[in-house]
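Notes follow once the structure below has been shown.
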Amino acid sequence: KAGVTQTPRYLIKTRGQQVTLSCSPISGHRSVSWYQQTPGQGLQFLFEYFSETQRNKGNFPGRFSGRQFSNSRSEMNVSTLELGDSALYLCASRQTTVTNEKLFFGSGTQLSVL
Amino acid sequence: ELKVEQNPLFLSMQEGKNYTIYCNYSTTSDRLYWYRQDPGKSLESLFVLLSNGAVKQEGRLMASLDTKARLSTLHITAAVHDLSATYFCAVDTNSGYALNFGKGTSLLVTP
């Protein structure tokens, strides 16, 4: 079974540009969440989607947005990039059973803003 | 706001020794996760603890959860070099579907 796939793996952008990151969850997983990881702030929750609906949103400015498609693939967009947006962006898909729950993380997209 | 605190943040230990990483959280939650991250890699799920008193073990690692004390521990037994990594605990918010992570414990196991 393929894991969570994130593309691209690396991105270099300049301030003011916008960027779109993609995430394909594990087949059958309908929940996709996004996290930002930086050395200073650590891992922070961005948002979570389930069946194309945003269920929860973290404390990030409106420049950060996302969406989920009918096939559960998700995209995250950051507009008007700032230097502080440089980070590893991780996507995770959630598997929930009666007795267990697990998040599977992708390899991430490393975004550098110059 | 849910806060998750791990300690220690840095840990250097000798092979063969035992040690415990602590994870405290500030508000009620009954879901706690432990992850491992190797340098330049993504997060690998280690344990999911879903109820008070839950204990799970995998190899040299054992995790436990005390929801009344709002405390989870990750115990390392007879450490080996391969366990060198950063370990994160994370707690689900009461609204669900969003994890709050601790700062991570950077573990180095030396000969």
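None of these values were measured; they are calculated from a predicted model. So you know, we letter chains A, B, ... as the sequences are listed, proteins then strands, and number each from 1.
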Practice task
Measure from the side-chain N and O atoms of B:S45 to the backbone N and O of A:L103, and report whether any donor-acceptor pair falls under 3.5 Å.
Solution key: no
Exercise for the section: Would you check if the side chain of B:Y33 reaches a backbone N or O of A:K102 as a donor-acceptor pair within less than 3.5 Å? Expected result: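 Pair absent, no side-chain N/O of B:Y33 close to backbone of A:K102.
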Is it the case that over 12 heavy atoms from other parts of the model lie below 6.0 angstrom from the [atom1] atom of [X]?
X     : atom1 : value
A:R15 : CZ    : no
B:E5  : CD    : no
A:N71 : CG    : yes
A:F69 : CZ    : yes
A:F60 : CZ    : yes
B:L71 : CG    : yes

Practice task
Treating Ile, Leu, Val, Met, Phe, Trp and Tyr as nodes and any side-chain heavy-atom pair under 4.5 angstrom as an edge, say whether B:Y35 and B:M62 lie in one connected cluster.
Solution key: no
Practice task
State, to 0.1 Å, how close B:S42 and A:F105 come at their nearest heavy-atom pair, and which atoms those are.
Solution key: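 Taking B:S42 first and A:F105 second, the nearest heavy atoms are OG-CB, 3.4 Å.
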Practice task
Could you tell me which non-hydrogen atom of A:Q41 sits nearest to which non-hydrogen atom of B:K103, and how far apart they are?
Solution key: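 Heavy atoms of A:Q41 and B:K103 come nearest at O-NZ, 3.6 Å.
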Handout entry: Student check: side-chain heavy atoms of B:N100 and A:L43 closer than 4.5 Å
Key = no
Handout entry: Side-chain heavy atoms of A:Y35 within contact of B:L99, under 4.5 Å
Key =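 With C-beta onward as the side chain, the pair touches.
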Practice task
Mind checking the NZ-CG spacing from B:K41 to A:L88? Nearest 0.5 Å is all I need.
Solution key: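 CG of A:L88 is found 12.5 Å from NZ of B:K41.
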Practice task
State yes or no: are the ring centers of A:F45 and B:F101 separated by less than 6.0 Å?
Solution key: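 No, too far apart.
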Exercise for the section: Would you mind checking which part of A:Q37 comes under 4.5 Å of any heavy atom in chain B, side chain (CB onward), backbone (N, CA, C, O), both or neither? Expected result: side chain
